[in-house]
Amino acid sequence: MRIFDPHIHMTSRTTDDYEAMHAAGVRALVEPAFWLGQPRTGVSSFRDYFDGLVGWERFRAERFGIRHHCAIALNPKEANDPRLHGVLDLLPRYLAKDGVVAVGEVGFDSRTSEEEKAFRHQLELAAEFGLPVLVHTPHRDKVAGTRRTLQLVAESGIPAERVLVDHLNEATVAMVHDSGCTLGFSIYPDTKMSPERMVRVLSEWGPERMVVNSAADWGRSDPLATLRTGEAMLAAGFTDRDVERVLWDNPVEFYGRSGRLLLDDVPGADRTATYSGNSVLRGERADGGAA
């Protein structure tokens with residue numbers, strides 16, 4: 001099974017996760033910029049974080065045979081912090097870089113006026129740079145937040161096919177499906193969606209414009225959730241072609257609109273290679289060399 005995880009936070013994961021993902025069939029992914037769990041205190045923190053997404057993390061993924069892409073944005077939660085408003089001025093520098101295939105995650109957390117202001121601004125940047133948009137829908141009051149999201153997307157003038165509305169559930173499928181946007185579902189333990197619920201959604205709505213992701217991060221999450229969804233689809237009677245469409249074709253079609261996807265095999269995946277003098281190997285090697 002060939003898998004493109006369209007939303008996973010690998011900065012939070014280990015090399016063991018990369019190895020397990022490759023063994024499961026993951027060959028490409030998108031890592032959106034997000035909240036790190038503890039509030040950041042200044043714009044420079046984001047500069048270092050964005051540098052890591054376009055640099056070290058891309059290098060690290062390729063050591064394990066996985067093509068890494070990212071989405072860059074000021075996330076909704078931290079859009080409320082006045083110390084971080086300058087991040088919006090920083091974004092154009094990164095949106096022009098190779099490997100950046102979308103603006104995201106943008107959208108709502110608590111549906112404040114500051115979140116909406118940042119959302120509107122980043123939709124404008126997406127239009128300016130010709131990039132797709134990855135939208136985070138709020139975990140609280142999701143229906144109202146998703147409805148407002150779709151209103152702002154329509155007002156922005158960005159074509160619906162260039163917008164992926166993520167973290168959906170059964171209550172929000174219909175409105176996003178009707179909007180023409182791509183529908184994203186996070187398969188996540190305890191919250192969001194399970195593989196079994198996702199299979200029921202796919203059975204009702206079909207695989208068109210549907211993508212599933214693990215959204216794996218620093219919380220209790222599963223970087224193999226995409227695989228488990230594919231297995232659940234097959235067990236429910238979906239064909240191999242259906243699974244390929246949801247786990248590979250649909251995310252490739254969506255992010256491919258950036259013109260920046262790199263999907264060829266990683267040549268060699270040399271784990272002794274270095275980035276800024278650092279490798280994924282730690283300490284002294286058995287052959288006496290440094291890592």
When you check the side-chain N and O atoms of [X] and [Y], is any donor under 3.5 Å from an acceptor?
X: Lys142; Y: Thr172; result: no
X: Arg120; Y: Ser156; result: no
X: His68; Y: Glu62; result: no
X: His7; Y: Glu105; result: yes
X: Thr182; Y: Arg162; result: no

Any ion pair linking Asp249 and Arg241 (charged N to carboxylate O, less than 4.0 Å)?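 Result for this pair is yes, salt bridge flagged.
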
Residues Arg63, Asp270: salt bridge by 4.0 Å N-O rule: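 No, no charged N to carboxylate O under 4.0 Å.
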
His177 ring center near Trp205 ring center (under 6.0 Å): yes

So that I know where these two stand, are Phe64 and His22 an aromatic pair - ring centroids less than 6.0 Å apart?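 Centroid separation for Phe64 and His22: 6.0 Å or greater.
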
Is there a side-chain contact between [X] and [Y], using heavy atoms and a 4.5 Å cut-off?
X: Phe46; Y: Glu78; result: yes
X: Leu123; Y: Glu155; result: no
X: Leu29; Y: Tyr18; result: yes
X: Glu161; Y: Arg257; result: yes
X: Phe34; Y: Ser12; result: yes
X: Met1; Y: Ile3; result: yes
X: Pro132; Y: Val163; result: no
X: Ser276; Y: Asn278; result: no

Asp178 atom CG, over 12 foreign heavy atoms within 6.0 Å: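 Yes, because the 6.0 Å sphere around CG of Asp178 holds more than 12 heavy atoms from other groups.
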
CG of Asp98: more than 12 outside heavy atoms within 6.0 angstrom?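 No, because the 6.0 Å sphere around CG of Asp98 holds 12 heavy atoms or fewer from other groups.
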
Other members of the hydrophobic cluster containing Val252, with the 4.5 Å side-chain heavy-atom rule, please. Phe4, Val30, Val101, Leu134, Leu164, Val211, Trp248, Phe254, Tyr255, Leu261, Leu263

Please check if the side chain of Asp242 supplies one atom and the backbone of Pro207 the other of a donor-acceptor pair under 3.5 Å.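 No.
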
Please identify which of these residues, Thr229, Asp5, Thr226, Asp166, meets the side chain to side chain donor-acceptor pair (under 3.5 Å) condition with Asn213. Asp166

Are Tyr188 and Phe185 linked, directly or through other ILVMFWY residues, by side chains that come within less than 4.5 angstrom of each other?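 Looking at the clustering, Phe185 is in a separate group from Tyr188.
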
Side-chain heavy atoms under 4.5 angstrom apart, residues restricted to Ile, Leu, Val, Met, Phe, Trp, Tyr: same cluster for Ile8 and Leu262?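 No; Leu262 is not reachable from Ile8 via cluster members.
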
Using 30° and 60° as the class boundaries, would you call the ring planes of Phe108 and Phe119 parallel, tilted or perpendicular? perpendicular

To the closest 0.5 Å, what do you measure between CZ (Arg27) and CZ (Arg67)?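 Rounded to the nearest 0.5 Å, the CZ-CZ separation comes to 12.0 Å.
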
